[in-house]
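Below you'll find the structure, written out as structure tokens, and then a few comments.
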Protein chains: 2
Amino acid sequence: MSCRKSKCPAPFLSKTYDLLEEEREAERVGGGKKKIVSWNLEGNGFVVWCPADFSDLMLPRYFKHNNFSSFIRQLNTYGFKKTASKRWEFQHEKFRRGCRHLLAEMRRKKCQPSAFPSYLKPSAHHPPTQDNKSIAATATASEVLFMELMEENKKLRRERLELELQIAHFKTMEMKLLECLSHPTPTHHYPPSIPINYLN
Amino acid sequence: MSCRKSKCPAPFLSKTYDLLEEEREAERVGGGKKKIVSWNLEGNGFVVWCPADFSDLMLPRYFKHNNFSSFIRQLNTYGFKKTASKRWEFQHEKFRRGCRHLLAEMRRKKCQPSAFPSYLKPSAHHPPTQDNKSIAATATASEVLFMELMEENKKLRRERLELELQIAHFKTMEMKLLECLSHPTPTHHYPPSIPINYLN
DNA sequence: GGGAATATTCCC
DNA sequence: GGGAATATTCCC
């Protein structure tokens with residue numbers, strides 16, 4: 001148990017909180033600019049309004065990367081939940097506007113103990129051994145069904161996240177392209193950052 | 001066992017090797033400047049001649065930090081030995097000038113796996129949960145769980161379909177917009193079929 | 001969304 | 001020099 005843990009919140013949490021406060025202040029004084037990220041209305045969570053700008057402009061100032069998915073990985077590690085289907089809103093019981101002191105109570109998830117021992121979970125990394133073949137043989141049909149459902153569930157969540165990320169990319173591109181069309185220049189070039197690979 | 005591990009060396013090793021080769025090349029063509037880091041005479045190790053410049057100028061170009069001690073921590077992790085008392089010289093059996101292929105054989109030191117699963121080890125981070133208090137749930141409880149899983153599964157499939165449809169729309173729009181950009185007309189109108197609602 | 005490998009930091 | 005926590009990446 002490190003001394004740091006008992007006193008101060010994990011750097012990830014402080015930084016995320018700082019970043020929201022900074023944006024709030026910037027909005028208060030500067031106004032005008034479009035919102036990139038902010039506390040939600042109730043102050044019990046936050047919304048990343050523009051993942052592209054958030055990743056490019058804010059992440060590198062607080063973290064050692066500019067990957068939205070790495071940021072999300074951290075949120076999950078600390079137990080945040082995505083709480084809206086159509087926007088990037090995240091909540092955690094202890095993550096509230098005005099309650100910086102609660103951050104110190106938030107805990108990183110460890111690999112949590114599963115009801116099913118790991119050798120029963122299907123995985124490419126655990127080729128069947130003599131041991132778990134015979135154990136699996138004793139599993140009831142409903143247990144097998146249950147595990148299959150769990151696997152499919154996991155897969156679906158994964159796929160959803162991937163699709164959502166793709167959509168975020170599209171939205172960004174879309175805006176850039178519309179920008180180009182609404183401010184025409186004599187010679188047109190393609191905007192530089194179009195991930196053409198999404199087009200087929 | 002990840003696919004990466006069998007084929008290519010750890011990023012840390014490639015980057016350290018690259019950095020030495022880059023310096024060697026720079027010295028060959030440019031000459032003049034004082035040496036910051038280089039292979040040793042025998043080519044079976046390397047020397048950081050100027051840790052300050054090395055940290056400020058080279059580390060950030062290859063890694064996500066500029067701390068000499070983090071670099072050394074990595075060297076130790078991969079089994080390098082400090083081989084001189086008065087200068088920062090490091091050697092590893094498989095790290096030799098001209099032998100990039102040997103890097104793939106170098107292995108990170110592991111913290112050796114414990115015989116006990118992590119959830120059996122005493123830890124402040126694992127307060128007993130409903131799950132692990134009664135692994136053998138009652139028939140009704142597991143039935144409820146099962147139904148919940150099925151429901152969530154159905155919801156996820158629905159969501160996935162929706163997201164995929166959105167993406168299909170985006171792809172179509174994308175092509176239309178690119179079309180517009182590549183055949184400019186004197187007066188620009190927005191193409192008619194852009195679902196603006198996707199943009200916020 | 002999360003497991004697991006690697007990277008970085010912190011601390012002894 | 002290395003154990004261990006946290007951060008970042010990669011992959012399912």
Side-chain angles (χ1 to χ4, degrees), chain A residues 1-16 55 59-60 62-83 88 90 106-114 116 118-119 121-126 150-165, chain B residues 1-16 55 59-60 62-83 88 90 106-114 117-119 121 123-125 152 156 159-160:
Chain A
M1 184 77 51
S2 83
C3 134
R4 184 177 55 176
K5 266 167 76 178
S6 33
K7 290 170 196 157
C8 22
F12 172 74
L13 299 171
S14 300
K15 290 178 180 177
T16 303
S55 305
L59 286 182
Y62 288 87
F63 305 101
K64 289 173 181 286
H65 66 83
N66 61 354
N67 304 312
F68 193 51
S69 44
S70 290
F71 179 72
I72 289 179
R73 185 74 195 82
Q74 282 283 70
L75 291 176
N76 289 324
T77 297
Y78 282 94
F80 282 81
K81 295 293 174 205
K82 188 166 185 299
T83 49
W88 296 96
F90 299 92
M106 295 174 68
R107 288 286 165 263
R108 213 180 147 79
K109 279 192 215 163
K110 306 271 166 163
C111 23
Q112 82 272 27
S114 157
F116 293 97
S118 70
Y119 53 83
K121 288 190 227 151
S123 160
H125 304 303
H126 298 145
M150 289 227 302
E151 279 310 304
E152 179 163 27
N153 215 288
K154 240 166 51 182
K155 196 189 93 203
L156 286 166
R157 287 172 183 283
R158 217 161 47 221
E159 288 175 357
R160 184 177 57 179
L161 181 61
E162 252 169 65
L163 292 170
E164 285 170 341
L165 286 172
Chain B
M1 183 77 55
S2 81
C3 134
R4 187 174 54 176
K5 266 167 75 181
S6 33
K7 292 171 194 155
C8 23
F12 171 75
L13 300 171
S14 300
K15 290 177 179 178
T16 303
S55 305
L59 286 182
Y62 289 87
F63 305 102
K64 289 172 180 286
H65 66 84
N66 60 355
N67 304 312
F68 193 53
S69 46
S70 290
F71 179 73
I72 289 178
R73 184 74 196 82
Q74 284 281 69
L75 290 176
N76 288 324
T77 298
Y78 283 93
F80 282 81
K81 295 295 173 203
K82 188 167 184 299
T83 49
W88 297 97
F90 300 91
M106 295 174 69
R107 288 286 165 261
R108 215 179 145 81
K109 286 188 211 165
K110 311 258 161 173
C111 34
Q112 73 281 22
S114 158
S118 70
Y119 56 88
K121 285 189 235 157
S123 161
H125 306 301
E152 180 164 27
L156 287 168
E159 287 176 0
R160 184 178 58 178

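Quick note on labels: first sequence line is chain A, next is B, and so on, each numbered from 1.
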**Prompt:** Ignoring hydrogens and geometry, is there a side-chain-to-backbone donor-acceptor pair from K82(A) to F90(A) under 3.5 Å?
**Reply:** no
Whole-Å distance between [N] [atom2] and [X] [atom1]?
{"X": "L165(A)", "N": "dG2(C)", "atom1": "CG", "atom2": "C1'", "result": "15 Å"}
{"X": "F12(B)", "N": "dA7(D)", "atom1": "CZ", "atom2": "P", "result": "21 Å"}
{"X": "K109(A)", "N": "dA5(D)", "atom1": "NZ", "atom2": "C1'", "result": "18 Å"}
{"X": "L156(B)", "N": "dG2(C)", "atom1": "CG", "atom2": "P", "result": "13 Å"}

Can you sort out the partners of [X] under side-chain contact (heavy atoms from CB on, under 4.5 Å), two or more places apart, ordered by chain and number?
{"X": "N76(B)", "value": "I72(B), R73(B)"}
{"X": "K81(B)", "value": "T83(B)"}
{"X": "E162(A)", "value": "none"}

**Message:** Can you tell me which nucleotide in dG1(D), dG2(C), dT8(C) comes closest to the side chain of F63(B)?
**Reply:** dT8(C)
**Request:** When you get a sec, tell me which of dA7(D), dG1(C), dG2(D) is the closest nucleotide to the side chain of K81(B)?
**Result:** dG2(D)
**Message:** Does a side-chain N or O of R108(A) approach OP1 or OP2 of dA7(D) to a distance below 4.0 Å, or not?
**Reply:** yes
**Partner set under side-chain hydrogen bond (donor to acceptor under 3.5 Å, both in side chains) for S14(A), not counting sequence neighbours** = none
**Message:** Using a strict heavy-atom distance below 4.0 Å, which residues from residues 64-80 of chain B are in contact with DNA chain C?
**Reply:** K64(B), H65(B), N67(B), S70(B), R73(B), Q74(B), Y78(B)
**Fill in**
With sequence neighbours left out, the residues meeting ring pair (Phe, Tyr, Trp, His ring centres under 6.0 Å) with F12(B) are F63(B), F71(B), Y78(B)
**Asked** If each of F90(B) and K15(A) is mapped to the nucleotide of DNA chain D with the nearest heavy atom, which maps nearer the 5' terminus, i.e. the 5' end?
**Response** F90(B)
